[in-house]
Student: 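Attaching a single structure in structure tokens format; questions to follow.
Quick note: residue numbers are just sequence positions, from 1. Model, not experiment: these values are computed from the prediction.
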Amino acid sequence: MATPKAIVLTDGLLHTGDAKTAHGLIRGTDRYQVVAVIDSVHAGKDAGEILDGKHRNIPVFANVQTALHTISNVKYCIIGVATVGGAMPKHFFPIIEHCITQGLSIVNGLHEFLSEMPAMVSLAEKHGVTLTDIRKPKPRKELHFWTGEIFNVKAPIIAVIGTDCALGKRTTCRMLVQACNKSNINAQMIYTGQTGWLQGGKYGFVFDTTVNDFISGELEHAIVSCDKDTNPDVILIEGQSALRNPTGPCGSEMLVSGNARYVVLVHAPKRTCYEHVEAWGKIQSPASEIALINMYNAEVIALALNTEDCTTEEALQFREQFEAELGIPVLLPLQQGVEKIVPRIQSLIKEKL
């Protein structure tokens with residue numbers, strides 16, 4: 001069965017970090033066929049070229065009307081931004097309403113729920129479309145407490161953790177899974193954010209919509225379910241935020257409740273402060289972060305670099321510097337891929353046999 005066609009709305013934000021949901025979908029999704037991006041600032045360009053210089057045959061249109069006139073059988077409009085606090089940009093609302101009148105169902109990953117807005121609900125009902133709010137909390141009866149069943153999982157569990165937000169943890173995690181699968185390793189990914197679900201993730205939950213009491217249980221349930229259903233060789237967990245980011249400290253849950261004994265750490269060497277805000281504190285060095293992770297009885301098996309603001313030469317220099325300093329493989333995922341770490345993952349699998 002063909003995946004449904006979808007357009008992604010980023011109007012004016014495609015080139016910014018707020019559009020990381022769109023960026024993930026442009027790089028790939030198994031749940032939808034992304035056929036266009038709606039962004040008046042970048043109309044006429046290819047979305048992939050804006051993202052990372054790679055042509056992906058995903059055109060950017062100035063408005064929904066032009067996109068639907070050019071492309072047939074579009075079923076969904078996906079809100080492609082993840083703003084601070086999860087608020088919907090105000091100028092998105094009339095665009096969303098127009099999508100609904102054109103027969104498009106809306107998929108929204110923000111904390112502002114369309115399904116709780118009477119006018120939107122009424123309009124959707126009138127035009128026979130759906131409003132899906134991915135970040136809407138699960139009902140209590142669907143949530144799980146931690147049980148300890150995680151200790152029965154035999155496959156190595158690797159958490160992809162970052163030294164800050166918006167570093168490419170999800171992208172690195174997907175690339176690791178894909179590289180393993182190409183080497184005939186049954187690798188499975190646990191998603192922990194809305195974009196992971198949008199990209200087709202089967203096992204996981206949306207971390208920042210889950211009541212704190214149930215985070216450990218939901219994480220365990222996702223891993224255990226994945227293990228029982230797929231009999232994986234290795235399980236990788238998409239990290240969220242960072243261990244020491246004060247706006248949303250996160251990561252210890254993966255190491256403790258998720259029993260991840262191995263970590264791929266993602267770091268941006270030119271980023272000095274959490275989310276670029278000096279008042280929020282200085283990002284610690286990879287060596288310091290590795291020492292902290294080691295205190296959780298977990299081993300960092302590789303460092304992956306986000307090379308924002310780096311020239312190609314600088315990226316290569318940082319790779320050499322950190323490999324010499326840390327004594328572990330250093331990956332440049334977007335420039336060179338992640339295949340370099342696959343033999344290490346294979347050795348972890350053999351150790352578990």
Student: Decide whether Ser183 and Gln346 meet the rule of one side-chain donor and one side-chain acceptor closer than 3.5 Å.
Tutor: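 No, because no side-chain N or O of Ser183 sits under 3.5 Å from a partner of the opposite role on Gln346.
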Student: Can you tell me which residue pairs pass the salt bridge (charged side-chain N to carboxylate O under 4.0 Å, His left out) test with a partner in residues 276-299, sequence neighbours excluded?
Tutor: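 Sorted result for residues 276-299: Arg244-Glu289, Glu299-Arg344.
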Student: Check whether more than 12 heavy atoms from other residues, nucleotides or ligands sit under 6.0 Å from atom CD of Gln65, and answer yes or no.
Tutor: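 It does not: Gln65 CD has 12 such atoms or fewer within range.
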Student: Could you give the distance from CE (Met254) to CG (Leu236), rounded to the nearest 0.5 Å?
Tutor: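 Going from CE on Met254 over to CG on Leu236, the span is 12.0 Å.
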Student: Ignoring hydrogens, what is the shortest heavy-atom contact between Ser241 and Pro249? Give both atom names and the distance.
Tutor: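 Shortest heavy-atom separation between Ser241 and Pro249 comes out as OG-N, 4.4 Å.
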Student: Measure the acute angle between the ring planes of Phe145 and Phe214, then classify it against the limits of 30° and 60° as parallel, tilted or perpendicular.
Tutor: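 Taking Phe214 first and then Phe145, their aromatic rings sit tilted (interplane angle of 30° to 60°).
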Student: Judged by modelled atom types alone, do Thr192 and Gln240 share a side-chain donor-acceptor pair under 3.5 Å?
Tutor: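 Checked: Thr192/Gln240 side chains pair up, N/O donor to acceptor below 3.5 Å.
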Student: Can you find a pair of side-chain heavy atoms, one from Phe113 and one from Pro137, that are under 4.5 Å apart?
Tutor: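 In short, these two side chains touch, coming nearer than 4.5 Å.
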Student: So, are Arg56 and Asp46 salt-bridged, with charged N and O less than 4.0 Å apart?
Tutor: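 Asp46 and Arg56: not salt-bridged.
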Student: List the residues meeting ring pair (Phe, Tyr, Trp, His ring centres under 6.0 Å) with Phe207, not counting sequence neighbours, and say none if there are none.
Tutor: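 Per chain and number, Phe207 pairs via ring pair (Phe, Tyr, Trp, His ring centres under 6.0 Å) with Phe205.
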Student: Would you call Ile26 and Ile50 a side-chain contact if the rule is heavy atoms closer than 4.5 Å?
Tutor: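 Of all side-chain heavy-atom pairs linking Ile50 with Ile26, none is under 4.5 Å.
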Student: Linking I/L/V/M/F/W/Y whenever their side-chain heavy atoms sit closer than 4.5 Å, directly or via other members, would Ile328 and Val263 fall into one cluster?
Tutor: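 Yes: a chain of side-chain contacts under 4.5 Å links Ile328 to Val263.
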Student: For the residue pair Gln335 / Thr312, report whether a side-chain donor-acceptor contact shorter than 3.5 Å exists.
Tutor: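 The criterion, which ignores hydrogens and geometry beyond distance, is not satisfied for Gln335 and Thr312.
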